[in-house]
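Here is the structure we will look at, set down as structure tokens.
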Amino acid sequence: MGKMQSENPRDSRVIRPQPGQSPFGTHTHTHTHTHTHTHINNSYVFVESVGLCVKTFTLPDKQKVFVNICQSAAVPPPPPLSREALVELLESEDPTGYRVPMSIGEAHTEVDNNSQGCTAYDVVISEEFFQKCQKDPLFQQFLIAVSLEGLENKYNLELSRDWKVLKNRKFLGSVNEQNIRTKSKPVIQEIEPKDTRTAPEPAKRPEFCLLVEPPVGDPEFLIAEIQLPGVASSLSLVLDLGEDRLVLNARPSLFHLDCFIPFFIDQEGSVAQYNTNTQILTVTMPVVSS
């Protein structure tokens, strides 16, 4: 099938990965979000799993802010807390005695549904605690409140408590790797023999951009243009689309791309075309209307 694009591609909204972001993790053949983590020295580098997206704004200038509350097994859960204990905690004079471990990422600039620039933050909590909060609205409100408070404390912000949980979007932007420190190194370490065999080079992350069409109003199509220099044929490409995730592998271990996309898409209606002259893979994905 032919490539679908507007007559003037320059008018399309373009969503590009932010500098320093690394929205790529290990793919499992499912259409749900997953997380991965690897142990490096005394810290974990992990890719979080998305959870819910909260829209609010700064005070007093009312700049739009999105908070991606994510989950990861690499973050330890807080102490056990019953619903009755939570009610008592919220009614107490000093509710700050209960701590929720979280990893708060740097601000990243994104584009909202109205093609307007906005700021997004990623807050990662324990997978176990997030699932508990999903089952009880009171716990979810508590989770959002402590997430906003954590952002305010870290970045000297003032955020409105008149928030809104987005129903049709679980995440704004691209999922980032974050680090969380675990226990320190032992004083005496066992030295393992080194493997003298040459390890294969890891697959590279290709350059890519996402275009939203039409550029104004509700999106109808999301178009991914992925640059794959050195790939001679589409026969070496393996593409897998989830409802809001794109995974691409170029064999043998040339490129690997695993990213979440900002809209829910029609997987069956999506098409891909590889241009061997430009060595660009174009994936056209119909956006599922909310």
Side-chain angles (χ1 to χ4, degrees), residues 1-17 21 23-35 47-55 66 68 70 110-116 118 120 134 164-175 205-228 231 234-250 255-275 278 280-290:
M1 293 187 180
K3 176 180 175 182
M4 302 175 65
Q5 62 180 29
S6 64
E7 294 181 359
N8 186 359
R10 296 179 183 176
D11 293 336
S12 299
R13 279 180 279 169
V14 180
I15 305 174
R16 298 185 184 277
Q21 288 188 341
F24 312 104
T26 299
H27 175 59
T28 58
H29 291 279
T30 66
H31 295 146
T32 58
H33 295 291
T34 60
H35 69 268
V47 180
E48 66 266 24
S49 172
V50 301
L52 57 89
C53 184
V54 178
K55 177 183 176 182
F66 291 86
N68 300 314
C70 311
E110 303 295 342
V111 178
D112 64 14
N113 283 342
N114 297 320
S115 302
Q116 300 296 316
C118 60
Q134 287 293 88
K164 177 183 179 182
V165 178
L166 302 188
K167 295 182 179 180
N168 297 321
R169 298 188 68 166
K170 299 179 181 179
F171 197 91
L172 183 69
S174 300
V175 181
R205 167 210 168 191
E207 297 292 330
F208 74 100
C209 69
L210 299 176
L211 300 99
V212 180
E213 294 189 359
V216 179
D218 294 333
E220 296 180 8
F221 294 96
L222 185 66
I223 300 176
E225 294 186 347
I226 308 169
Q227 301 178 29
L228 301 170
V231 176
S234 62
L235 296 177
S236 63
L237 302 179
V238 178
L239 176 66
D240 190 7
L241 293 177
E243 62 179 8
D244 57 355
R245 189 177 189 183
L246 182 152
V247 179
L248 174 68
N249 286 289
F255 295 101
H256 173 71
L257 175 62
D258 184 350
C259 66
F260 293 103
I261 47 186
F263 304 102
F264 290 109
I265 62 165
D266 177 6
Q267 301 151 249
E268 301 298 327
S270 299
V271 294
Q273 182 183 46
Y274 185 59
N275 188 318
T278 61
I280 293 177
L281 176 67
T282 301
V283 186
T284 303
M285 301 163 278
V287 175
V288 176
S289 59
S290 56

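If you read the sequence from its start, that first residue is 1, and numbering goes on from there.
Taking NZ of Lys164 as the reference point, atom SG of Cys53 lies at 11.0 Å (rounded to 0.5 Å). The CZ atom of Phe260 lies 10.5 Å from the CD atom of Glu243; values are rounded to the nearest 0.5 Å. Atom CZ of residue Arg205 and atom CG of residue Asp258 lie 12.0 Å apart, to the nearest 0.5 angstrom. Rounding to the nearest 0.5 Å places CZ of Phe255 at 11.5 Å from CG of Leu281. Rounding to the nearest 0.5 Å places CD1 of Ile265 at 10.5 Å from OG1 of Thr284.
Pairing each heavy atom of Pro286 with each of Phe221, the nearest pair is CA-CD2, 3.8 Å. Nearest heavy atoms, Gln267 versus Gly242: CG-O, 3.5 Å. The nearest pair of heavy atoms linking Thr282 to Ile223 is CG2-CG2, 3.8 Å. For Gln134 against Leu52, the heavy-atom pair with the smallest separation is OE1-CD2, 3.4 Å.
Phe264 is not listed as a side-chain neighbour of Arg169, based on a closest heavy-atom distance of 4.5 Å or more. Side-chain contact between Ile280 and Gln227: present, with at least one pair of heavy atoms (C-beta onward) separated by less than 4.5 Å. Using a 4.5 Å heavy-atom threshold, the side chains of Val247 and Asn249 count as touching. Using a 4.5 Å heavy-atom cutoff, the side chains of Leu228 and Tyr274 are in contact. In this structure, the side chains of Val212 and Val111 stay at 4.5 Å or more apart for every pair of heavy atoms. Side-chain atoms of Val283 and Met285, non-hydrogen and from C-beta on, do get closer than 4.5 Å to each other. Contact check for Phe66 versus Leu166: side-chain heavy atoms found under the 4.5 Å cut-off.
Checked by atom type and distance alone, the side chain of Asn68 pairs as donor or acceptor with a backbone atom of Leu172 at under 3.5 Å. Without hydrogens or angle criteria, Asp112 side chain to Asn114 main chain gives a donor-acceptor distance under 3.5 Å.
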